[in-house]
Amino acid sequence: MRGAPHRWRYRHVLWLIGGRIHFMMGICALLAFILLLCHTSSLMGWHRHTKKGNNHERFTVLVNTWRRPDLLKKSVQHYSQCPNVHSIRVVWSESREPPSPLLFTALQASVKKASKKLSYPIKLKIDMHQEDNLNTRFQPLDNLATRAIFSVDDDVLVPCNTLGFAFTVWLSAHDSMVGFVPRMHWLHGKESFNQPVYTYGGWWSVWWTGTYSMVLSKCAIFHKKYLDLYTNHMPAKIRDYVTRKRNCEDIAMSFLVANLTKAPPIWVKGKIFEIGSSGISSLSGHSEHRSSCLNAFVDMYGHMPLVSSNFKAMDARSTWIW
Ligand SMILES: *[C@@H]1O[C@H](CO)[C@@H](O)[C@H](O)[C@H]1NC(C)=O
């Protein structure tokens with residue numbers, strides 16, 4: 001009887017060790033399973049055709065900036081490190097105040113640094129424009145070497161892998177606008193004369209309904225032909241309206257593309273980072289102004305060209321099971 005507590009303690013210790021061994025084995029099995037999962041594709045002989053990246057085509061980053069040298073520096077530094085970037089073009093809308101030599105040197109230094117890791121140099125060019133006009137961001141550019149343009153504001157950063165994925169989406173639909181910031185036009189009701197009235201749907205309405213009909217050009221990929229169409233072929237009264245209201249160049253571009261393709265844009269899943277403090281969209285009355293633009297453009301087109309969609313493109317590697 002006196003030995004019983006000892007025996008019990010002995011068994012207890014054994015059980016403890018046994019328990020830990022089982023636990024450790026469990027962990028090992030789990031790790032092995034994860035490793036196996038990670039390497040399944042190579043074990044099965046499923047290798048990608050190219051070593052790095054999916055394709056050889058590249059795109060041009062078109063950065064729209066306005067008196068924010070710090071943001072521009074960050075933006076150029078970031079995008080010069082993304083794969084598939086051919087060149088970076090900066091839309092500089094104030095020719096009376098050209099970029100300072102200091103800024104220019106800093107931008108060139110980051111592009112040069114990024115190019116060292118590549119087999120090709122990334123080109124950087126600052127395009128000066130006469131006036132501060134929202135239409136200038138869509139001015140056709142000389143020596144644009146790629147079909148695809150990634151149009152982005154200086155305060156928007158898209159992670160390189162997300163951007164690369166969006167580019168592959170664009171490659172399979174190169175007449176579409178492919179972007180990360182979806183918006184919607186909602187049929188509001190009927191005015192007199194049976195004219196439909198539209199309201200602009202911001203982020204919340206898109207999130208709630210999963211429906212959109214535009215992606216904003218502050219962060220979107222599209223074909224370079226749309227620059228020429230916007231500047232030289234779209235009715236001048238639309239550009240005049242944008243100039244006068246200092247707003248809605250992105251809605252005008254969405255109308256242009258939708259009218260030509262008769263198709264919705266493509267919303268790509270992905271987190272983007274807005275590093276600036278505030279833009280037009282944080283001013284009060286923003287959504288009324290945007291709704292006025294919608295209705296004005298519908299008037300000018302004679303119909304509503306925007307097509308709504310519920311399609312969201314996402315990376316198949318990041319989805320669970322299928
Ligand atoms: C819209 O597209 C049609 C062709 O489908 C074209 O005739 C018309 O001029 C376009 N409208 C505008 C305002 O560009």
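Whatever order the structure lists them in is the order used to number ligands and atoms, beginning at 1.
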When distances are taken from atom 5 (O) of ligand 1, the protein heavy atom at minimum range is Lys262 NZ, 3.1 Å

Is the number of heavy atoms from other residues, nucleotides or ligands within 6.0 Å of NZ (Lys312) greater than 12?
yes

For atom 8 (C) of ligand 1, find the nearest protein heavy atom and state the residue, atom name and distance (0.1 Å precision).
Asn259 ND2, 3.8 Å

For Leu256 and Tyr230 the tightest heavy-atom approach is CD2-N, 4.0 Å

Grab the two heavy atoms, one from Val63 and one from Ser75, that are nearest each other, plus how far apart they are.
CG1-OG, 3.7 Å

Can you establish whether the number of heavy atoms outside Lys224 located under 6.0 Å from its atom NZ is more than 12?
yes

At under 4.0 Å between heavy atoms, which part of Pro235 makes contact with ligand 1: side chain, backbone, both or neither?
side chain

